[in-house]
**Student:** 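Can you keep this structure in mind? I'll have questions shortly.
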Protein chains: 2
Amino acid sequence: MDKKSEILHAALKLFVLHGFHATPTSGIAREAGVANGTLFHYFKTKDELIVALYVHIKKQLAFCILNEEIAEATIKEQCKSIYVNALNWGLEHPTEFRFVQQFLSSPYLMMLTPAEIKEQNNMVIELIKEGIATRQIKAIAPDFINSLFISHLFGVNQYVLQTNMSVADRNTLIEESFAMIWGMISV
Amino acid sequence: MDKKSEILHAALKLFVLHGFHATPTSGIAREAGVANGTLFHYFKTKDELIVALYVHIKKQLAFCILNEEIAEATIKEQCKSIYVNALNWGLEHPTEFRFVQQFLSSPYLMMLTPAEIKEQNNMVIELIKEGIATRQIKAIAPDFINSLFISHLFGVNQYVLQTNMSVADRNTLIEESFAMIWGMISV
DNA sequence: ATATAGATTGACTAATCACTCTACAAAATT
DNA sequence: AATTTTGTAGAGTGATTAGTCAATCTATAT
């Protein structure tokens, strides 16, 4: 792992543990095993590091969600694939997931342009629109359905993380929870 | 408004605007129109102020949710009353709502004891249990249903806040969104 | 071999921060 | 009236911070 990655990795850990401002850049550098100045060689400011980390993690999540052949699947199967992949990613990467949550409910969110924010949900929105057009999904605002979809994901993730469950129980819950959200948004 | 309230009010505004650590206590005191030392007369530390603010806001929300006669209502009506009241409170107090969100996804959350955290959902959990016992709500973990309920609330709130809607449209959406969550959790 | 560009370092700085301290004013209590 | 408690102020303090900078190192290209 190169130094830039080490810095991002250390920053993620410390930000989730202590919060953005309670984590000094000097602490990140120490945790990453690099000098103080090196951090500012890769990221002009601390704010730039925070935003870069968010974009970096979002990219990983997006890659993981799409990491399957779903071209020929039905709308429902595609939705389920996205749902299950996103949920599993969140459960396998709780620190990253928590960081995203922390970032989205912080004032740092405003450092992203509205276009950037919208862009990230674009794929799901398009899928929802297709589902509406083919009368498989309820004919209500796609943005609204997307909001419910994401919220549901967050809720299930949070519940699983704070509950000790066997892998089998967890998988059952994931199946059932998709059935619930699909029942809610499908016609 | 007394000085303590002024301090809480100023802190809320600045925390949501700039984040916890990016808001200096001196700034809060200035915004509240009191001296620096006065802040520390009422709150021993900045952390104590943050937690006190959270507890203060949660108390307001709890009061608002219960502010109706619902003793004789059915489980569904009680759930709807809580849902609508909570949602309306969030829409009428976006800053407070955002603060709660920010607090819950920050490391400050860990300053609350697990008992305190659990206590806050207790009323809804009890209602869900009653609903399950009377076979009106699906027989799955009450904590899980509570998670979904809260997440749904957050999702709808976020959508409404980021969308320009007429009051009529908003009320329709609130009605419809309750029907959706109720359809999801009822038998 | 030499030159050039980028990577890395860590001491340094100016600013800022949470919190303290002393002094005094206003109530409340005796 | 005297005394104690509580509220308020704001200058002051030691610690900490983001970011800079000049110096050194590494690697690749010529």
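These numbers come from a predicted model, not from an experiment. Chain A is the first sequence line, chain B the second, and so forth, proteins listed ahead of strands; every chain is numbered from 1.
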**Student:** Quick one: which of C:dC17, D:dG19, D:dT17 gets closest to the side chain of B:Ser26?
**Tutor:**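 The listed nucleotide nearest to B:Ser26's side chain is C:dC17.
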**Student:** So if I apply the side chain to side chain contact (heavy atoms under 4.5 Å, CB included) rule between A:Gln136 and each of A:Ile185, A:Ile128, A:Ile75, which one comes out positive?
**Tutor:**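 The option that passes is A:Ile75.
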**Student:** Checking all strands, does A:Tyr42 fall into the base, sugar-phosphate, or nothing category for heavy-atom contacts under 4.0 angstrom?
**Tutor:**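 Counting heavy atoms under 4.0 Å across all strands, the contact made by A:Tyr42 is with sugar-phosphate only.
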**Student:** Please determine, by modelled atom types, if B:Tyr159 and B:Ser177 share a side-chain donor-acceptor pair under 3.5 angstrom.
**Tutor:**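 Absent: no donor and acceptor within the cut-off.
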**Student:** Measure from CG on A:Leu39 to P on C:dG10 and round the result to the nearest Å.
**Tutor:**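 My rounded result for the distance is 14 Å.
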**Student:** Can you find a side chain N or O atom of B:Thr38 that sits less than 4.0 Å from OP1 or OP2 on D:dG7?
**Tutor:**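 No, because none of the side-chain N or O atoms of B:Thr38 sits under 4.0 Å from OP1 or OP2 of D:dG7.
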**Student:** Just how far, in rounded Å, is P of C:dT20 from NZ of B:Lys44?
**Tutor:**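 My rounded result for the distance is 11 Å.
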**Student:** For a quick test of reading the model: is some side-chain N or O of A:Lys3 closer than 4.0 Å to OP1 or OP2 of C:dT9?
**Tutor:**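 For A:Lys3, the contact criterion (side-chain N or O under 4.0 Å from OP1 or OP2 of C:dT9) is met.
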**Student:** Between C:dC17 atom C1' and B:Phe40 atom CZ, what is the distance in whole Å?
**Tutor:**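 Distance, rounded to whole Å: 9 Å.
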**Student:** Any salt bridge linking B:Glu175 with B:Lys80? Criterion: basic side-chain nitrogen under 4.0 Å from a carboxylate oxygen.
**Tutor:**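 Yes, charged N to carboxylate O under 4.0 Å.
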**Student:** Can you check the B:His41 NE2 to D:dT5 C1' distance for me, whole Å?
**Tutor:**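 From B:His41 NE2 to D:dT5 C1': 10 Å.
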**Student:** Atom CD1 of A:Ile28 and atom P of D:dA18: how far apart are they, to the nearest Å?
**Tutor:**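 One finds 8 Å between P of D:dA18 and CD1 of A:Ile28, rounded.
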**Student:** Given atom NZ of A:Lys46 and atom C1' of D:dT16, what is their separation to the nearest angstrom?
**Tutor:**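 Interatomic distance, NZ of A:Lys46 to C1' of D:dT16: 11 Å.
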**Student:** For the pair made of CG in B:Asn36 and C1' in D:dT13, what is the distance, rounded to whole Å?
**Tutor:**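 In whole Å, D:dT13 C1' and B:Asn36 CG are 13 Å from each other.
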**Student:** Quick one: which of D:dA9, C:dC19, D:dG19 gets closest to the side chain of A:Thr45?
**Tutor:**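 Out of D:dA9, C:dC19, D:dG19, the nucleotide with an atom closest to A:Thr45's side chain is D:dG19.
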**Student:** How far does CD of A:Gln102 sit from CG of B:Leu109, to the nearest 0.5 angstrom?
**Tutor:**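 Rounded to the nearest 0.5 Å, the CD-CG separation comes out at 10.5 Å.
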**Student:** CD1 of A:Ile50 versus C1' of D:dG19: gap in Å, rounded?
**Tutor:**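 Going from A:Ile50 (CD1) to D:dG19 (C1'), I get 14 Å.
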